[in-house]
J.: 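Okay, here's the structure, questions in a sec.
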There are 2 protein chains.
Amino acid sequence: MPTYARLVTGASVDVLEPGSAPWWHAHSERLRRRRPRAGGLTVERIVDEAIDLVDAEGLEALTVRALTARLGTSSATLYRHVASVEELLVLVIDRVLGDIELPDPDGSGRERTMQLAIEFRRVLLEHPGVVPALRASPLLGPNALRSAENGLTNLVDAGYPPAVAIQGYLAIVDYILGSAFFDTAGVVDRRPDRVSGGGADLDPSFFAAQRAAIDGVTGEDVFRFAVTALLDGLAAAS
Amino acid sequence: MPTYARLVTGASVDVLEPGSAPWWHAHSERLRRRRPRAGGLTVERIVDEAIDLVDAEGLEALTVRALTARLGTSSATLYRHVASVEELLVLVIDRVLGDIELPDPDGSGRERTMQLAIEFRRVLLEHPGVVPALRASPLLGPNALRSAENGLTNLVDAGYPPAVAIQGYLAIVDYILGSAFFDTAGVVDRRPDRVSGGGADLDPSFFAAQRAAIDGVTGEDVFRFAVTALLDGLAAAS
DNA sequence: ACCTGAACACCGTTCAAGT
DNA sequence: ACCTGAACACCGTTCAAGT
């Protein structure tokens, strides 16, 4: 049984849910023990190539065969570095979240909250194809935790009592993810037969259409408006 | 070429994007022309069975073969009633949205807004497995439009200027969908090997875990809090 | 006129057999 | 010690052949 997880981390490990806290722990252990050969395949190269593929052709184009063809190996080889597609998606997500630049620490808590929200959204919209995978696992990777910690700190620094800060944080994150999720609908499917179809089959999403119909109201406008409203509501609840 | 769409609505129709406005138009035409035999398969039966299957075993269990086995026919038969799985999902979504009960018209605009939001969320959480399919197409089905119209009317009746009402509506809908989306993560995957695993592989999502960690703060609490905050922010922007 | 067995071109994943 | 061709058990979808 030469599955990767069994070989490297013991038979019990492939039971761990990819993206769970114990899985992340086992994963970092795994990476530490790696002694990659020059020119050989690495998890990093696999994840980078996967993101490029999804950005170019959408999530449904991310198949083991397509990815390994790009990497110049056979599909079976992938499984020496990654236990499953599910695991690959978990790594892709945290990699993307690593692009989030934390806000200038000199700003006020409220300014930093807005900055982080906009930056979070920016990163997600930069990789629309990846967005649906956000839900496939809890966001417990190192990059996810780094942003979460910063987000909570910003709200506490803004002066909200901890209980309010937590609720506000959860509400804002749900909103960021929800808005990114639905603002990227329709952008993601890049199957050639759709793109070349023209007209009706390129129908944007309902919400995008509504926004476009209202002069000057962009997804970004609604986003700033909503986050501001949430922050004001937070103040009222304190 | 006996594909359903070609047979009934003409060769150009199977180019229509399922869930788009022209597709919905063609679909209602199609249903009007149907003269179903007694005991025969109907789109309604297919959709009902699909929802039952997804509720019981999750979205990834919804395969043509599994569904037609439940319906007592062969997989090929499904394609006489539905053009593709994508189309089936569009019908499933609008069917679920049909469960939304519109708020008591005697309430104030603000009360109705909150009622509709909570009811929308309730329906989505009742069918956690279908939630990810919400993004697969624009929400332009008859039931989706019915709720959207009500939602906008409620905000206008609450006294917000139309421009504010629209932005508020979009923000609230994004939030409802986002919160349902992430609150149902982890609940959806009911593959037997996961459910029986116990412990680590049942890890709830990050946000659910955080909520559970804070005594008495439920997803519902955060939801009411966030919608209230958005409404208050709306008032401030008017 | 309706239904379907068998096939097609895909998936993710495994493993015996190569080097 | 690492890689991979070929296979396995699935997908969604099609269509010739049945009734």
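Just the heavy atoms: all of them, side chains too, but no hydrogens, waters or symmetry mates, feed the values below.
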J.: Please give, in whole Å, the distance from dC15(C) C1' to Tyr79(A) OH?
T.: 13 Å
J.: Got Leu62(A) and Leu89(A) here, is their nearest side-chain heavy-atom distance under 4.5 Å?
T.: yes
J.: Where does the angle between the aromatic ring planes of His27(B) and Trp23(B) fall among parallel (under 30°), tilted (30 to 60°) and perpendicular (over 60°)?
T.: parallel
J.: Check the orientation of Tyr175(B) and Phe223(B). Use parallel for under 30°, tilted for 30 to 60°, and perpendicular for over 60°.
T.: parallel
J.: With sequence neighbours left out, what residues match Arg70(A) under side-chain contact (heavy atoms from CB on, under 4.5 Å)?
T.: Glu49(A), Asp52(A), Leu53(A), Ala56(A), Glu57(A)
J.: Using Watson-Crick pairs (N1 to N3, plus N6-O4 or O6-N4) and G-U wobble pairs, both distances under 3.5 Å, which stems of at least 3 pairs involve DNA chain D?
T.: C:4-8 with D:12-16, C:12-16 with D:4-8
J.: Would you mind checking if Arg122(A) and Asp99(A) are paired as a salt bridge, meaning a charged N to carboxylate O distance below 4.0 Å?
T.: no
J.: Identify each atom pair where a protein N or O and an N or O of nucleotides 5-11 of chain D are less than 3.5 Å apart, giving names and distance.
T.:
none

J.: Residues two or more places apart in sequence or in another chain: which of them pass side-chain contact (heavy atoms from CB on, under 4.5 Å) with Gln115(B)?
T.: Pro103(B), Asp104(B)
J.: Look at Thr77(B) and dT4(C) and indicate whether a side-chain polar atom (N or O) is within less than 4.0 Å of OP1 or OP2.
T.: yes
J.: How long is the line joining CG of Leu78(A) and C1' of dC15(C), in whole Å?
T.: 16 Å
J.: In whole angstrom, what separates Leu41(B)'s CG from dC3(C)'s P?
T.: 8 Å
J.: Can you check the Ile46(A) CD1 to dC3(D) P distance for me, whole Å?
T.: 10 Å
J.: Check for a donor-acceptor pair, side chain of Glu119(B) on one end and backbone N or O of Glu101(B) on the other, with a separation under 3.5 Å.
T.: yes
J.: What residues, two or more places apart in sequence or in another chain, satisfy side-chain contact (heavy atoms from CB on, under 4.5 Å) together with Thr63(A)?
T.: Arg65(A), Ala66(A)
J.: Nearest whole Å is fine: how far is dT13(D) P from Glu87(B) CD?
T.: 10 Å
J.: Quickly work out the Arg80(A) CZ to dG18(C) C1' distance and round it to whole Å.
T.: 13 Å
J.: For DNA chain D, whose closest nucleotide is more 5', that of Gly72(A) or that of Ser84(B)?
T.: Gly72(A)
J.: For a quick test of your reading: what N or O donor-acceptor pairs under 3.5 Å do the side chains of residues 127-134 of chain B make, sequence neighbours left out?
T.:
| residue | atom | partner | partner atom | Å |
| --- | --- | --- | --- | --- |
| His127(B) | ND1 | Asp55(B) | OD1 | 3.0 |
| His127(B) | ND1 | Asp55(B) | OD2 | 2.8 |

